[in-house]
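Right, one structure below, let's go through it.
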Amino acid sequence: MKLLLKNGHVVSSFNKLEGDLDVLIEDNVIKQVAENIEADADQVIDCAGLAVIPGICDMHVHFRDPGQTHKEDIITGSEAAAAGGVTAVACMPNTDPVADDPEVIRYIINKAKDAKIKVYPVGAITKGLKGDELCDFKALKAAGAVAVSDDGRPVRNAHTMGRAMIDAHYAGLKVISHCEDLDIIRGGIINAGVVSIALGVQGMSRTSENIITAREIQLANDLEVPIHIAHVSTKEVVDLLRFATKRGVMVTSETAPHYFTLTEDRLFTRDADYRMNPPLRTEEDMKAISAAVMDGTIDCIVTDHAPHTAEEKADFLKAPNGVVGLETSLAATLTKFYHTKQMKLIQIVRMMCENPRLILGLEGGLIKSGAVADIAIVDLNKEWLVEPERLHSKSKNTCFKGMMFKGKVKYTIVNGKIVFEDKD
Ligand code: DOR
Ligand code: ZN
């Protein structure tokens, strides 16, 4: 099978490629990237006026499979991903049962064989995410885990976290840390500040995230092992990351579009679709996160795609934290940074396509002859309204509902096959 992408604006950060070019794909591999390719292709896609970028790798999603497949499963989560130009995801282990055992990792890998995109499991750091007994990282790695995390929960004890960072490093796995101090949080549900006071609800102090991030950075420094910081949301963490990177600490990090697009003011609506963990914070935090994305202090843009049912989200105080994001992440990022001329497309490609794969050691993330043919074709200028009921995800809890974004995925290609086409 030969697929020819004609006249697209090809952008690939890893090999610093940018230009109006054709891309010839044969089976699952990119065969040639050049001007005016003459080939006898089975299918030709006219990409004039469209951007051709490597498929996005979202290294932080929750697919709820096994255990809560009424919210999402590996198949529907992958459909949502494909619609967002995402060709690979790393899915977090807070499933039921928890992915703390090679058998659960194998279940995910096996089910993902029928999925439209590449689904890589993240194993747990501790058994049952309880923060006590470390998992067998070598066994998780051998079963196919690409990282370890207790995401959704912190590892409470610093000694345990340090041990995990050393053991995981020697097993060839990155540790992804959910930085939260539950002793400080004490049941808070939104950012602690003017909005939580006005609404009369328990706040989540920023100190919780700041203090555990500082701990993880210090552990990485002292033990000389890497750490990846999940979903950065505060300005103080941005300062910590800048300081640590300057000192040569092996720290990488990610944030999500809601942290650079929205603030805690949304919570005045008392709508739990604006509740996630960490929470939406202040204008100053949003500005600091945006600056850190633009200057590369933060390495990756992820979604923390966290599907929950409408019934659960109906109760503002009791609803679980989390928002879906796979179908809006690229559009939100383009709208915020590209269309305001604050970032070039190649920088966005680096943060969404290249860096997550480098951090996890995954294939792909570039457009080059010989590379795997995982590609997103994007209409950068198409404006669209986020309508929750039109999302492919089983759950519709998006915090971007009713917003207009500029930039829409037209085709998604995985292993040389078209897995999504926007027919609008
Ligand atoms: O908002 C969140 N939802 N944050 C997390 O850390 C966990 C996630 C979930 O699993 O729903
Ligand atoms: Zn998460």
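Remember, it's 1-based here, ligands and their atoms both numbered in the order they're listed. Computed from a prediction, not measured in an experiment: that's the story for all the values here.
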Report task. Can you establish whether the number of heavy atoms outside Arg242 located under 6.0 Å from its atom CZ is more than 12? Result ->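 Yes.
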Requested in this report: Please indicate whether Glu421 has more than 12 foreign heavy atoms, meaning atoms of other residues, nucleotides or ligands, lying under 6.0 Å from its CD.
Outcome: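 Yes, the 6.0 Å shell around CD holds more than 12 heavy atoms from other groups.
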**Report entry** Which of the ligand 1 atoms, numbered from 1, are nearer than 4.0 Å to a heavy atom of His308
**Finding:**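 What qualifies from ligand 1 is 11 (O).
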Tell me which protein heavy atom sits closest to [atom], plus the residue, atom name and distance to 0.1 Å.
| atom | answer |
| --- | --- |
| atom 10 (O) of ligand 1 | Asn94 ND2, 2.8 Å |
| atom 3 (N) of ligand 1 | Asn321 O, 3.1 Å |
| atom 6 (O) of ligand 1 | His178 CE1, 3.0 Å |
| atom 7 (C) of ligand 1 | Gly152 CA, 3.8 Å |
| atom 5 (C) of ligand 1 | Asn277 O, 3.6 Å |
| atom 9 (C) of ligand 1 | Arg64 NH2, 3.4 Å |

Report task. Of the side chain and backbone of Asp304, name the one, both, or neither that has a heavy atom under 4.0 Å from an atom of ligand 1. Result ->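 Side chain only.
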Query - Side chain, backbone, both or neither: Met276 near ligand 1, heavy atoms under 4.0 Å - result: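 Contact part for Met276 vs ligand 1: both backbone and side chain.
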Query - Geometric cation-pi criterion Lys138 and Tyr170, 6.0 Å radius, 45° cone - result: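 Relative to the ring axis of Tyr170, which defines the angle, Lys138 lies outside at least one limit.
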Donor on one side chain, acceptor on other, [X] and [Y], under 3.5 Å:
| X | Y | answer |
| --- | --- | --- |
| Thr282 | Glu284 | no |
| Asp151 | His62 | yes |
| Asn321 | Arg275 | yes |
| Asn210 | Thr234 | yes |
| His308 | Ser395 | no |

Requested in this report: Identify whether the distance between the nearest side-chain nitrogen and carboxylate oxygen of Arg281 and Glu236 falls below 4.0 Å.
Outcome: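 Glu236 and Arg281: not salt-bridged.
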Query raised in the report: Near the Zn ion (ligand 2), which protein N/O/S atoms are found at less than 2.8 Å?
Result: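 Near the Zn ion (ligand 2), below 2.8 Å, one finds His60 NE2, His62 NE2, Asp151 OD2, Asp304 OD1.
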Report task. If the plane angle is over 60° it's perpendicular, under 30° parallel, otherwise tilted; pick one for Phe405 and Phe400. Result ->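 Rings of Phe405 and Phe400: perpendicular, over 60°.
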Report task. Before signing off on this row, confirm whether Ala306 and ligand 1 have an N or O atom pair separated by under 3.5 Å. Result ->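 Checking ligand 1 against Ala306, no N or O pair falls under 3.5 Å apart.
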Query raised in the report: Where is the tightest heavy-atom contact between Pro121 and Ile105, given as atom of each residue plus distance?
Result: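 Smallest heavy-atom distance, with atoms named: CG-CG2, 3.7 Å.
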